[in-house]
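What follows is a single structure, written as structure tokens, with notes after it.
Below, chain A is the first sequence line, B the second, and so on; all start at residue 1. Only a predicted model underlies this, so the values are computations on that prediction, with no experimental measurement involved.
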Amino acid sequence: MNKLIVSPSPHDENYVKTHTIMLQVIMALMPALGVAIYIFGPRVLPLTAVCVGSCIFFEYVCRKLMKRDNTIGDMSAVVTGVILAMNLPVTLPYWMAVIGSFVAIVIVKQLFGGIGQNFANPAITARIVLMVSFPSAMTNWVAPFWYRTADAVSCATPIGLSGTTDEARLIDLFHGKCGGCLGETCALALLLGGLYLAARKIISLAAPLSFIGSLFLLSALCNDSFYYGLYEILAGGVFLGAFFMATDYATTPITQKGKIVFGLGCGIITFIIRHFGSYPEGVSFSILLMNVLTPYIEELTRNKPFGAKEVQKNEG
Amino acid sequence: MAENKTPLVKELTKGILKENPTLVMLLGMCPTLAVTTQAMNGIGMGLVTTFVLLGSNIVISALRKVIPDKVRIPAFIVIIASFVTLIGFLLEGFVPSLYDSLGIYLTLITVNCIIFGRAEMFASKNGIVASACDAIGMGLGFTMALFLMGSIREIIGSGKWMGLEIPVLSNNPMLLFIMPAGGFFTLGMIIAAVNKLTNKKPPQELGCSGCPHAESCGKAGDCQ
């Protein structure tokens, strides 16, 4: 009889810790990182190591200086480092990557209170700071497999040379054989990672799907071409942003409705920036802008408790 | 430390750190963020504002019993605008480069809240000498804050300082710092440093009155 234990709810507890989630995210990023090493050569590895190492270092020093308990163990700094590295071109000098890590960890994350307290995605903000500060170094794209030839061949990103939308080109884009940041080129690997996370229930597909879907629809309708829509979502950092940055827990809405609104907003802003803005790529800016709007989205998409009465507004 | 000084010295020094108009009272943000892309501009803007502040504080203090309370704001504007016009013509004639780089922000000194704030809070209640000391202190504090911001932004953002190239930094300046966003970054960092220096603690009790989510938040006051 003593197996019948009477206890208050919750009855079904889940012992998922932050570091297990972060480890899953790192696992999901591995295919894209592997493809990046294959396409862009061995320099990918030290660049990623510099990003991850400096992120952990800044996290440690920051927590130490602020006299707070240390949070390196939760692996979130590692995830930030890897995602930041994936947002950089392979030719970037190492010290710029360190500046990016500093912005991500110290300014965006720790000054606002550490993990879970930051209002913007650290990696995306760091990328934007680097992009705005060092525009030439951050757009120094090299052609795929450049390390096999004698000289580095610079090449435009697919976003920079839109117009060629035949099927072979689309398949190249899907496999990642194009210029760009480390981790953003291979849509296939990113899709694998994203689906893995969704299967493990780490992320919800609401935001990625509405992000990619709205961008695809807008681009296809505006140019009256199915291929063009595909081209727009395969080129640039859409898959990386949609699966790994528009699904961040701290900086995106909690509710399902909110996630869809978030994704729609990202898609629309990306489309607007790509077509009417002066920057060729708008994924990072769109995610940052929607991060800022997240509290308001949550306010408007708040779930109504079942059977709850309307809250009286004049109580205070 | 202020006890053994005469009040006048206190009026003079309070503006430099303790009641610094920009970094502690957060007044005059518009010129602070807009013109501090170079250290030289910061000094220029600071000195011009100091001059206007000195003149307006003295005149307003002298006329404080003549100006009717109901029309004091228009009266202050007329007095401040006269000094701004004066310095505007002087700069245009003698230092045209500074006049060009300050641009619209020179005429906007007329509605600078530091000058208004000192006129309203100090000069209209105190004597001429005290007001002059207050103006010089506040002006110096403003100038120093702008110079500091301008230096940081110029060194990091364009790899120069007062127009002189700095060898290593000038190869890869961090352009963000001479953009508006960099201005906010720099200002936030300096304010944090000043808070640390003056040991100012953030308010412990936040309460629901200042919270933007208080209306929709069901748990009144439980969030702390």
Counting only heavy atoms closer than 4.5 Å, note whether [X] contacts chain B via side chain, backbone, both or neither.
X	answer
A:Ile128	neither
A:Met96	side chain
A:Ile99	side chain

Knowing that exactly one of B:Asn41, B:Leu47, B:Thr49 qualifies, which makes a side chain to side chain contact (heavy atoms under 4.5 Å, CB included) with B:Met45?
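Single side chain to side chain contact (heavy atoms under 4.5 Å, CB included) partner of B:Met45 among B:Asn41, B:Leu47, B:Thr49: B:Thr49.
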Side chains of B:Thr36 and B:Arg153: donor-acceptor distance under 3.5 Å anywhere?
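Short answer, yes.
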Closer than 3.5 angstrom, by distance alone: can the side chain of A:Arg127 be matched with the main-chain N or O of A:Met86 as a donor-acceptor pair?
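Judged by distance alone, no pair lies under 3.5 Å.
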Is chain A contacted by the side chain of B:Phe185, its backbone, both, or neither, given a heavy-atom distance below 4.5 Å?
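Only the side chain of B:Phe185 comes within 4.5 Å of chain A.
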Do A:Trp95 and A:Phe102 have ring centres separated by under 6.0 Å?
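No: the rings miss the under 6.0 Å criterion.
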